[in-house]
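Here is the structure we will look at, set down as C-alpha cells.
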Amino acid sequence: MRRGLDRHVSDRVISDVEVLHPRAIRRHLPGAADFSTRLKGLPMVAAQRRGKYLWVELGEDLAMLAHLGMSGQMLVQPSGTPDEKHLRVRIRFADDGPELRFVDQRTFGGLALAEVVEKDGARLPEPIAHIARDPMDPDFDLDAAVRALRARKSEVKRALLDQTLVSGIGNIYADEALWRTRLHGTRPASGLTKALATELLKHATDVMHEALDQGGTSFDALYVNVNGQSGYFDRSLNAYGQENEPCGRCGTSIVREAFMNRSSFSCPVCQPKPRASRVSRGTARRPA
DNA sequence: CTTATGACCTGCAAGC
DNA sequence: TGCTTGCAGGTCATAA
C-alpha cells in the first residue's frame, strides 16, 4: 500500500479534504475542520511506513499519519466514482486527477496530522515514536529485537504482538512464525534460548516477505491495495485460520484456542504447550 | 516500570 | 425467515 501511495499521490498538491466520519480523525485532536484546513494547499511528498503505520510526508516536518486498523483501505479513485459505503475521508488534488479515499468499515483505523520528529536516527511522526523498527527496515537490529523479546515476562505470542519490541507482526504472522519455529504461543518469552528467539524473528521476517511478494494476506474484499486488488498470501497459511485442517508437517489437525479475545491457531503435536508437557512429565502419576 | 484487560466499531456467518 | 450470538486482521486507556 505504501508503494501504491507513493506512486499515485507523490508530488501532487492537495486541493480539498472532506471528512465524512469524525471517528476517522479522532486521533487528530484539533478536529475535522483543522485537519481539512491545514492539509489544503500542501504537497504530498512521499509515502513512508513503519510497522503497520503509514504516513505521507507533507514537507515542513509535517505528515499525514494513517493506520488501517482492521478494515481500513486507501483507495485511489477517479473523481466521480460513486462513494464507497464506508468512505470516511476524501482527499482531492489540484491536478483534478484521481482522488485519495480512506474507506474503513469498522473505524478502528484513522488519519491524523502529526509533527515529524527525530528518534534513534529515524524521522517519524511524533505519535508513533514509540513504535519499534519492523524487520523490513534497513536499520532493523535483529540482536536488539531478540534481547527485547527475551526480556519480556509474558507469553511469547504477546511479546511478538507488542509493537514496541518489533513492529509489523499481527495475529496472522505471529501464528505463522510460531508454527514455523515449532513453538506454542504460550511459551514464556524469557524462557527462549537466544537461538530460538532469533529463529522465531527470522521466520516472522520470512513470512512477511513472502506475504509482501504475494501482495499481502487477504481474506476478503476489505484488504486491498490502492487499486482495490487483494493479495493471495492467505493461500499459503500453515496455521492461521486452518482449524481442523491437517498440519503441513505432521498431518495432525490444527487447533484453535482463545487468546486475548481472539484466536490462536497451532499444531498440537509440532507446537506442544509448555506447561502441559512439563507437568505430565514431572508429576503425572498412574495408579498402580 | 511492566503486564493484563476491556473498550472501541460494523458486518457477516452460524445456530436456534 | 428472523433473531441472537460470536467472531474478525489492532491499538490504546486504564488498572493492577
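None of these values were measured; they are calculated from a predicted model. Labels below follow one simple rule: chain letters A, B, ... track the order of the sequence lines, proteins then strands, and each chain is numbered from 1.
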> When you compare C:dC12 with B:dG11, how far apart are their C1' atoms, in angstrom units rounded to a whole number?
Replying inline: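 Here C:dC12 and B:dG11 have their C1' atoms 23 Å from each other.
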
>> Measuring only the P atom in each nucleotide, how far is B:dC9 from C:dT14? A whole number of Å is fine.
In response: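 Their P atoms lie roughly 15 Å apart.
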
>> With no hydrogens and no angle check, just 3.5 Å: does a side-chain donor-acceptor pair link A:H184 and A:E257?
In response: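 Judged by distance alone, the side chains do pair up.
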
First locate atom [atom1] of [X], then atom [atom2] of [Y], and finally report the distance between them rounded to the nearest 0.5 Å.
X      : Y      : atom1 : atom2 : answer
A:R182 : A:C250 : CZ    : SG    : 9.0 Å
A:S10  : A:M44  : OG    : CE    : 9.0 Å
A:L58  : A:L42  : CG    : CG    : 5.5 Å
A:M64  : A:L100 : CE    : CG    : 5.5 Å

Any N/O pairs under 3.5 Å between the protein and nucleotides 11-14 of chain C? List them or say none.
from: C:dT11; atom 1: OP1; to: A:H67; atom 2: NE2; distance (Å): 2.9
from: C:dT11; atom 1: OP2; to: A:K52; atom 2: NZ; distance (Å): 2.9
from: C:dT11; atom 1: O3'; to: A:Y53; atom 2: OH; distance (Å): 3.2
from: C:dC12; atom 1: OP1; to: A:R27; atom 2: NH2; distance (Å): 3.3
from: C:dC12; atom 1: OP1; to: A:Y53; atom 2: OH; distance (Å): 3.0

> If you pin A:K85 and A:S154 to their nearest nucleotides in DNA chain B, which one's is more 5'?
Replying inline: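 The answer here is A:S154.
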
> Pick the nucleotide of DNA chain B nearest each of A:N261 and A:A151; which residue has the one closer to the 5' end?
Replying inline: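 Per heavy-atom nearest nucleotide, the more 5' residue is A:A151.
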
> Base, sugar-phosphate, or nothing: which does A:R152 touch, judged by heavy atoms less than 4.0 Å apart?
Replying inline: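 Sugar-phosphate contact only - A:R152 comes under 4.0 Å of backbone atoms but never of a base.
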
>> Testing A:R101, A:R88, A:R90 one by one against A:E18 for a salt bridge (Lys or Arg N to Asp or Glu O under 4.0 Å), which residue passes?
In response: A:R90

> Can you find a side chain N or O atom of A:S263 that sits less than 4.0 Å from OP1 or OP2 on C:dA8?
Replying inline: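 Answer is yes, contact under 4.0 Å.
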
> Does the ring of A:W179 carry A:R249 above it, NZ/CZ under 6.0 angstrom from centre and within 45° of its axis?
Replying inline: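 Yes, A:R249 and A:W179 form such a contact.
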
> Other than A:L161, what residues sit in its cluster of Ile, Leu, Val, Met, Phe, Trp and Tyr side chains whose heavy atoms are under 4.5 Å apart, directly or through others?
Replying inline: A:F259, A:M260

> Nucleotide range of DNA chain B contacted by chain A, 5' to 3', under 4.0 Å to a heavy atom?
Replying inline: B:dT3 to B:dG11

> Does any nucleotide pair with B:dC9 by Watson-Crick or G-U wobble geometry, both distances under 3.5 Å, and what is it?
Replying inline: none

